[in-house]
Amino acid sequence: MADTPEQKVKRQIDDILKQYGMYYFYPVTGGYGASGVPDIIACYNGRFIGIEVKADLKKNKPTALQQRNLSEIAQHGGVALVIDAYNLDHLVDTLETLRCVK
C-alpha cells in the first residue's frame with residue numbers, strides 16, 4: 001500500500017529528527033488521549049516541541065482544536081510547529097536555533 005502524502009512528510013521529518021538525535025514519538029490517542037494533540041511530540045536541548053504534520057498547508061490547515069493545542073504549547077514556553085512538504089526548512093532552522101540555545 002502506498003504512503004499517503006502526509007505519511008511521506010512524516011518520513012522526511014523522522015529523518016531530520018534522527019539526524020539531530022532527538023527524543024520524539026507519535027502519540028496514539030485512540031480513545032484514551034486528548035484530541036487535537038500534535039502528530040509528533042519531541043524534546044530537544046531541553047525544549048518541548050509539538051509538530052503538527054500536513055501534506056500541503058495550502059490545501060489542509062490545522063483544525064481549530066489542533067491550533068488551540070499548538071497555541072497552548074507555545075504559551076507555556078514550548079515550540080509549536082506546523083510542517084508540510086514545502087516548509088521542512090523551517091523545522092531545520094528551528095532545530096538549529098534550539099541547538100545554539102543553552
Side-chain angles (χ1 to χ4, degrees):
M1 181 177 259
D3 285 345
T4 66
E6 187 172 299
Q7 287 170 326
K8 290 178 183 177
V9 176
K10 285 180 180 179
R11 249 193 300 136
Q12 292 175 295
I13 292 172
D14 275 343
D15 291 342
I16 293 168
L17 300 182
K18 286 176 185 172
Q19 287 174 0
Y20 282 83
M22 293 176 58
Y23 171 80
Y24 69 98
F25 67 95
Y26 291 84
V28 178
T29 60
Y32 292 101
S35 297
V37 172
D39 293 310
I40 302 170
I41 300 298
C43 186
Y44 183 62
N45 204 14
R47 295 293 300 272
F48 181 90
I49 304 167
I51 304 171
E52 184 60 41
V53 180
K54 299 295 181 189
D56 183 348
L57 284 169
K58 292 180 183 173
K59 298 177 185 177
N60 189 12
K61 304 272 186 209
T63 66
L65 184 55
Q66 290 167 337
Q67 192 58 56
R68 187 174 76 221
N69 277 281
L70 292 168
S71 294
E72 287 181 18
I73 289 168
Q75 288 171 4
H76 291 280
V79 177
L81 302 170
V82 181
I83 301 296
D84 73 356
Y86 304 99
N87 73 349
L88 288 161
D89 58 329
H90 179 58
L91 174 60
V92 173
D93 292 345
T94 300
L95 297 177
E96 282 298 313
T97 299
L98 292 176
R99 179 164 54 182
C100 297
V101 176
K102 298 270 177 180

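The model shown is predicted, which means the values in this text are computed figures rather than measured ones.
Using a 3.5 Å distance cut-off with no hydrogens or angles, the side chains of Asp14 and Tyr26 do pair a donor with an acceptor.
The minimum heavy-atom distance linking Asn69 with Ser35 is given by the pair ND2-O, 3.5 Å. For Pro38 against Ile73, the heavy-atom pair with the smallest separation is CG-CD1, 3.7 Å. Considering all non-hydrogen atoms of both residues, Arg68 and Leu65 come closest at NH2-CD1, 2.9 Å. In terms of heavy-atom proximity, Leu57 sits nearest to Asp84 at N-OD2, 2.8 Å. Of all the heavy atoms in Glu6 and Ala55, the pair that sits closest is N-CB, 3.8 Å. The nearest pair of heavy atoms linking Asp39 to Val53 is OD2-N, 2.8 Å.
Remark: side-chain polar atoms of Asp15 are not paired, donor with acceptor, to backbone N or O of Gln12 under 3.5 angstrom.
Residues Tyr20 and Glu96 are in side-chain contact: their nearest non-hydrogen atoms beyond the backbone lie under 4.5 Å apart. The closest side-chain heavy-atom distance from Ile40 to Leu17 is below 4.5 Å.
Heavy-atom contacts from other residues, nucleotides or ligands closer than 6.0 Å to CZ of Phe48 number more than 12.
When the options Glu52, His90, Lys61 are evaluated for a side chain to side chain contact (heavy atoms under 4.5 Å, CB included) with Val82, the one that passes is Glu52.
With values rounded to the nearest 0.5 angstrom, Asp93 atom CG is found 10.0 Å from Asn87 atom CG. Here CD1 of Ile49 is found 8.0 Å from OG1 of Thr94. Values are rounded to the nearest 0.5 Å. Interatomic distance, Asp89 CG to Ile16 CD1, rounded to the nearest 0.5 Å: 9.0 Å. If you take CG on Leu95 and CG on Leu81, they are separated by 7.5 Å, rounding to the nearest 0.5 Å.
Following chains of ILVMFWY side-chain contacts shorter than 4.5 Å, one cannot reach Leu91 starting from Leu70, and the two form parts of different hydrophobic clusters. Note on Tyr86: it does not cluster hydrophobically with Leu88, by side-chain heavy-atom contacts below 4.5 Å among ILVMFWY residues.
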